[in-house]
Amino acid sequence: MDIGLVGLGKMGGNMRTRMRNGGITVVGYDRNPDISDVGSLSELVEQLPSPKVVWVMVPAGDITRSTVEELIELLGEGDVIVDGGNSRWTDDEKHAALAAEKGIGYVDCGVSGGVWGLDNGYALMAGGTADDIAKVQPAFDALKPEGESGFVHAGRVGAGHFSKMVHNGIEYAMMQAYAEGYELLEKVDMVDNVTAVFDSWREGTVVRSWLLDLLVIALEDDPGLSKVRGYAEDSGEGRWTVEAAIDNAVPMHTIAASLFARFTSRQDESPAMQAVAAMRQQFGGHAVRAAEEKGIDAAAADPSDPV
Ligand SMILES: O=C(CO)[C@H](O)[C@H](O)COP(=O)(O)O
């Protein structure tokens, strides 16, 4: 099989290598000429035999949207576009409809595996028609992990990214749970070696997972995590998961809380807690901490505050 791959960054670059190792002929395009096989998107399209399959692996949002729209201009009847980024599933529905006007197929594919995917393979969640999926299947087979699992044709267009979105919501909550356990173990002078406790959980326990393995690697590299600030970005999928939960009246306590924990991580000061402290002072005469006292341990708070 021949495939065009647009975007050769951390994910796309490794995916090109893994597909080539799996016998796929890959023509890669990236705006960075040092890593690109061709000079333009149109050159990439020209080099592919029909039906042409082009996999887009660029950041979700405007860059993906403009790349897909450009490809719709360049491709024709029977060709297939695959969006492998972390796009919102509602974008897939719009892109598939636009592509269909020219008889171009559209597949959305959630990809999980990060920088480890080159060696371990990528878990793939695809959405689209059976015919379009079949045209991409050799590439899916080359990318997926060895073994039975790791690939699903999840449903119609959008189902792949919807599945990946929920996967990432779960990822947020799992990370948050490990992180809160880590903080408590570190805070209480009880265990001698927190990293060793996490490491011991990697086999036999009900909480073993790859995220746990990665936390242990991070703790072994930097015990106490002194090199990392407690600041976490988000790329959108956690928000979309919570939005979808609200739209469908699905209770989503843990994922929502883990999303909000990331927002908290970006604040130097909490306006909400300033307001709580101020109201508490107003109704009960409770002492407030002066702004200069920021960072003083909560355990040092005066327990004789008025009730
Ligand atoms: O899809 C991923 C992992 O599965 C990406 O690493 C993604 O960036 C993680 O989401 P966020 O940036 O919101 O933490």
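In listed order, ligands and their atoms are each counted from 1.
- A salt bridge does not link D30 with K10: every distance from a Lys NZ or Arg NE/NH1/NH2 to an Asp or Glu carboxylate oxygen is 4.0 Å or more.
- Taking only nitrogen or oxygen atoms, main chain and side chain alike, D234 does not reach within less than 3.5 Å of ligand 1.
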- Message: The test is side-chain contact (heavy atoms from CB on, under 4.5 Å); show your working for R20 and I24 and say whether it passes.
- Response: CA-CA 5 Å; R20 282 180 177 162; I24 308 284; over 6 Å; no
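- Scanning the protein for heavy atoms near atom 11 (P) of ligand 1, the closest one is S235 OG, 3.4 Å.
- In terms of protein heavy-atom proximity, atom 7 (C) of ligand 1 is closest to N86 ND2, 3.8 Å.
- The shortest N/O to N/O separation between E171 and ligand 1 falls below 3.5 Å.
- Using a 4.0 Å cut-off to heavy atoms of N168, the atoms of ligand 1 that qualify are 1 (O), 2 (C), 4 (O), 7 (C), 9 (C), 10 (O).
- Of the polar atoms of E237, none of the N or O atoms is found under 3.5 Å from an N or O of ligand 1, judged by distance alone.
- Remark: side-chain polar atoms of T254 are not paired, donor with acceptor, to backbone N or O of A173 under 3.5 angstrom.
- Counting heavy atoms under 4.0 Å from ligand 1, residue R239 does not touch it at all.
- Within ligand 1, the atoms closer than 4.0 Å to a non-hydrogen atom of R262 are 11 (P), 13 (O), 14 (O), numbered from 1 in the order shown.
- Within a 4.0 Å radius of atom 4 (O) of ligand 1, the protein has at least one heavy atom.
- With hydrogens and angles ignored, the 3.5 Å screen pairs no side-chain donor or acceptor of K144 with any backbone N or O of G121.
- Contact atoms of ligand 1 toward K164: 1 (O), 2 (C), 4 (O) (distance under 4.0 Å to a heavy atom of the residue).
- Side-chain contact between L143 and W55 is present, with at least one heavy-atom pair separated by less than 4.5 Å.
- If you check which protein heavy atom lies closest to atom 13 (O) of ligand 1, you get Y172 OH, 2.6 Å.
- Of all atoms in ligand 1, numbered sequentially from 1 with element shown, those under 4.0 Å from a heavy atom of H167 are 4 (O).
- The aromatic rings of F263 and F260 sit tilted relative to each other, their planes meeting at an angle between 30° and 60°.
- Contact check on R156 versus E93 returns a salt bridge, with a Lys/Arg side-chain nitrogen under 4.0 Å from an Asp/Glu carboxylate oxygen.
- Closest approach of D234 to R266, counting heavy atoms only: OD1-NH2, 2.6 Å.
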